[in-house]
Amino acid sequence: MINKVILVGRLGNDPDLNRFSEKSVKASLRVATNEYYKSQDGNWQERTEWHDVVLWAGLAERAERDLQKGSLIY
């Protein structure tokens, strides 16, 4: 079974990088996604959901170099 998720959102903070050895690197990210909808009374509402994302190796190093709080990611 394969689960696939595509997130488009903004980073809640700078990537948190952990180095375990020279070649083993992990980055943790918090990504906020927003949903806009009309409530039953006709007013627009916004819901924010937070997602924890983990990147390893080259992607982790690239995230540290290129991403910062507020960056829009896909």
Side-chain angles (χ1 to χ4, degrees):
M1 177 181 272
I2 295 175
N3 292 321
K4 182 177 182 178
V5 175
I6 297 174
L7 294 175
V8 178
R10 297 207 176 264
L11 291 183
N13 51 7
D14 291 341
D16 181 27
L17 201 74
N18 293 335
R19 293 189 185 276
F20 301 107
S21 67
E22 188 175 311
K23 295 184 179 184
S24 183
V25 183
K26 171 186 158 188
S28 299
L29 311 173
R30 298 268 297 155
V31 179
T33 57
N34 296 321
E35 175 185 6
Y36 300 93
Y37 62 96
K38 271 192 179 181
S39 62
Q40 290 180 347
D41 59 4
N43 294 323
W44 282 100
Q45 302 290 320
E46 177 183 10
R47 181 181 323 161
T48 301
E49 188 171 349
W50 288 92
H51 309 272
D52 294 320
V53 178
V54 176
L55 306 174
W56 292 93
L59 282 178
E61 291 174 345
R62 186 172 175 189
E64 179 189 36
R65 184 183 71 230
D66 297 337
L67 300 178
Q68 61 190 7
K69 180 180 179 178
S71 294
L72 181 64
I73 65 166
Y74 168 77

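Just so it is clear, the structure is predicted and the values come from calculations on it, not from any experiment.
Tracing side-chain contacts under 4.5 Å through hydrophobic residues (I, L, V, M, F, W, Y), one reaches I6 starting from L72; they form part of the same cluster.
No donor-acceptor contact under 3.5 angstrom links the side chains of Q45 and Y37, judged on distance only.
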For residues 51-69, which side-chain N or O atoms pair as donor and acceptor with protein atoms under 3.5 Å away, sequence neighbours left out?
unit_1, atom_1, unit_2, atom_2, d
H51, NE2, T33, OG1, 2.9
D52, OD1, R30, NH1, 2.8
E61, OE2, R19, NH1, 3.4

Give the intermediate values and the outcome of side chain to side chain contact (heavy atoms under 4.5 Å, CB included) for residues L11 and V31. CA-CA 5 Å; L11 291 183; V31 179; 3.9 Å; yes
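With rounding to the nearest 0.5 Å, the separation of CG in D14 from OG in S28 is 13.0 Å. Interatomic distance, N34 CG to R47 CZ, rounded to the nearest 0.5 Å: 11.0 Å.
No side-chain heavy atom of I73 sits less than 4.5 Å from a side-chain heavy atom of L7.
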